[in-house]
Amino acid sequence: MNCNDYRRTAWNTPFIAQRADPYVKLIDGKWYFTASVPAYDGIVLRCADSLEGLRTAAEKEIWHAHDTGVMGAHIWAPELHRLDGCWYIYFAAGEKDDGWKIRPWVLRCQDEDPIHGTWEECGMMQRADDDYFSFTAFSLDMTVFELHGKRYCIWAEKVSVDPMISNLYIAEMETPLKLKTPQMLLTSPTYAWERHGFWVNEGPTVICHEGRVFMTYSASDTSPAYCMGLLWMDAADDPMDISAWHKVNQPVLRTDAEKGLFGPGHNTFFTDENGQVYSSYHA
């Protein structure tokens, strides 16, 4: 089927066009949206009183890439979080002269309004004092979640040389800017559907729902083979216990030409005022 041969339906009509790695959240009664922009050169935010309002909400660039040095290229996958009374944005960025030297960076806003407030650069995400591995190689797509009164982050990091393998790692956090524990390997691309073009597990997102913790992630290269996998665990268990996690052996969202859906990946879960769970993703 030719990509232009399908009709527009609820399955394939974009909510917001030309925005990759979409992040949607309801925080303190307001809806927020951020995502990677086509030029990969800045971070934008939208705010609205309703989910539907995000479609047409004014978009403001709250930070722009550096002209030189670190944080100068490939500004990817920002996430907005409200932690300990401050706003944080976790994002990936390369260097101006080495765009693929990508690491996770953090911005913070201590004002009440993240759209019009002042954002400060907090540097690269810091690893734990006894961790000598995390963020030493290509690292991106950091997400943050809380469980049992503790805060965790999950991110993608590449290892080996040929082929380069993008794994997902998890660690407990000491502060919004620093890890408390060394990273633990959470999942590696072990299935054929995770290895099309490149061996990839990336773009993690987490939701706690009905007694379980679900983590989806993106697999394979960003082609029609791009898809979403799933890990889950019982919410009573410890996320740092690898045996608690269960990996589904097939994608939970993949290309469906009949619906005009191609290469779905890097999603975010969010919940509305009525407790209804949604997922935003790019394709």
Side-chain angles (χ1 to χ4, degrees), residues 1-26 33-36 51-52 54-55 76-79 92 140-145 154-156 165-170 186-233 235 245-272 275-283:
M1 174 179 285
N2 185 287
C3 290
N4 296 317
D5 290 342
Y6 58 85
R7 63 186 178 87
R8 285 293 181 192
T9 70
W11 292 99
N12 58 24
T13 300
F15 181 67
I16 297 175
Q18 294 299 308
R19 293 292 180 268
D21 313 312
Y23 190 82
V24 179
K25 270 294 185 290
L26 176 62
F33 171 84
T34 187
S36 301
L51 174 59
E52 188 64 26
L54 287 176
R55 287 183 186 269
W76 287 346
E79 287 198 3
L140 72 166
D141 293 349
M142 179 169 286
T143 194
V144 173
F145 72 100
I154 302 175
W155 71 97
I165 300 173
S166 177
N167 298 323
L168 288 177
Y169 297 91
I170 184 172
L186 187 55
T187 176
S188 188
T190 53
Y191 294 112
W193 53 268
E194 300 173 295
R195 296 179 173 186
H196 185 278
F198 300 100
W199 293 28
V200 174
N201 285 178
E202 64 183 11
T205 189
V206 174
I207 186 169
C208 300
H209 185 66
E210 296 183 347
R212 288 182 173 179
V213 178
F214 298 93
M215 188 207 74
T216 52
Y217 62 94
S218 300
S220 286
D221 58 0
T222 50
S223 70
Y226 205 45
C227 59
M228 283 164 41
L230 173 70
L231 276 73
W232 65 272
M233 56 168 272
W245 290 94
H246 308 274
K247 184 173 181 176
V248 177
N249 64 359
Q250 293 292 331
V252 292
L253 190 62
R254 67 195 313 170
T255 290
D256 187 331
E258 293 297 326
K259 292 185 174 67
L261 178 63
F262 299 92
H266 202 134
N267 77 303
T268 298
F269 292 111
F270 58 95
T271 306
D272 70 8
Q276 177 65 49
V277 176
Y278 297 84
S279 176
S280 61
Y281 61 92
H282 73 220

Roughly how far apart are Tyr23 OH and His266 NE2, rounded to 0.5 Å? 10.0 Å

Set out, in order, the CA-CA distance, both residues' side-chain angles and the distance that settles side-chain hydrogen bond (donor to acceptor under 3.5 Å, both in side chains) for Asn201 and Ser166, then state yes or no. CA-CA 5 Å; Asn201 285 178; Ser166 177; over 6 Å; no

Worked check of side-chain contact (heavy atoms from CB on, under 4.5 Å) between Leu168 and Trp155: CA-CA 6 Å; Leu168 288 177; Trp155 71 97; over 6 Å; no

Can you confirm whether Arg19 sits close enough to Phe33 that some side-chain heavy atom of one is under 4.5 Å from a side-chain heavy atom of the other? yes

I need the Cys227 SG to Leu253 CG distance, nearest 0.5 Å. 8.5 Å

Answer with yes or no whether the side chains of Ser218 and Glu202 bring together a donor and an acceptor at under 3.5 Å. no

With respect to Tyr281, which candidate in Thr268, Asn267, Thr216, Thr205 satisfies the side-chain contact (heavy atoms from CB on, under 4.5 Å) definition? Asn267

Measuring from atom CG of Leu54 to atom NZ of Lys25, what distance do you get when rounded to the nearest 0.5 angstrom? 12.5 Å

Can you confirm whether the side chains of Thr187 and Lys247 place a donor and an acceptor under 3.5 Å from each other? yes

So CD1 of Ile170 and CD1 of Ile154: to nearest 0.5 Å the spacing works out to 4.0 Å

Treating Thr255 as the side-chain partner and Ala225 as the backbone partner, does any N or O pair qualify as donor plus acceptor under 3.5 Å? no

State, yes or no, whether a side-chain contact exists between Met215 and Pro204 at a heavy-atom distance under 4.5 Å. yes

Side-chain touch Gln276/Thr271, heavy atoms, less than 4.5 angstrom: no

Indicate the atoms forming the closest heavy-atom contact of Pro22 with Ala35, along with that distance. CA-CB, 3.9 Å

Drop me the distance from Ser188's OG to Glu194's CD, to the nearest 0.5 angstrom. 8.0 Å

Under a 3.5 Å distance rule, please check whether Arg254 uses its side chain to pair with a backbone N or O of Tyr226 as donor and acceptor. no

Hey, are the side chains of Leu231 and Trp245 touching, using non-hydrogen atoms and a 4.5 Å cut-off? yes

Looking only at heavy atoms, the pair that brings Trp193 and Gln250 closest together is CZ2-C, 3.7 Å

Atom of Asn12, atom of Pro14 and distance for their closest heavy-atom approach: O-CD, 3.5 Å

Contact check, side chains of Asp21 and Glu79, non-hydrogen atoms, under 4.5 Å: no

Rounded to the nearest 0.5 Å, what separates atom CG in Asn249 from atom OG1 in Thr190? 9.5 Å

Using side-chain heavy atoms (C-beta onward) and a distance below 4.5 Å, is Trp76 in contact with Leu140? yes

Specify the closest pair of heavy atoms between Ala77 and Asp141, including all atoms of both residues, with the distance to one decimal. CB-OD1, 3.4 Å

Flag yes if more than 12 heavy atoms outside Phe198 fall under 6.0 Å of its CZ atom; otherwise flag no. no

Is there side-chain contact between Val277 and Ile207, with at least one heavy-atom pair below 4.5 Å? yes

Given His209, which of Phe214, Phe269, Trp232 fulfils the side-chain contact (heavy atoms from CB on, under 4.5 Å) condition? Phe214

Can you check whether Thr34 reaches Pro78 side chain to side chain, under 4.5 Å on heavy atoms? yes

Check against side-chain contact (heavy atoms from CB on, under 4.5 Å), Asn167 and Trp199: CA-CA 9 Å; Asn167 298 323; Trp199 293 28; over 6 Å; no

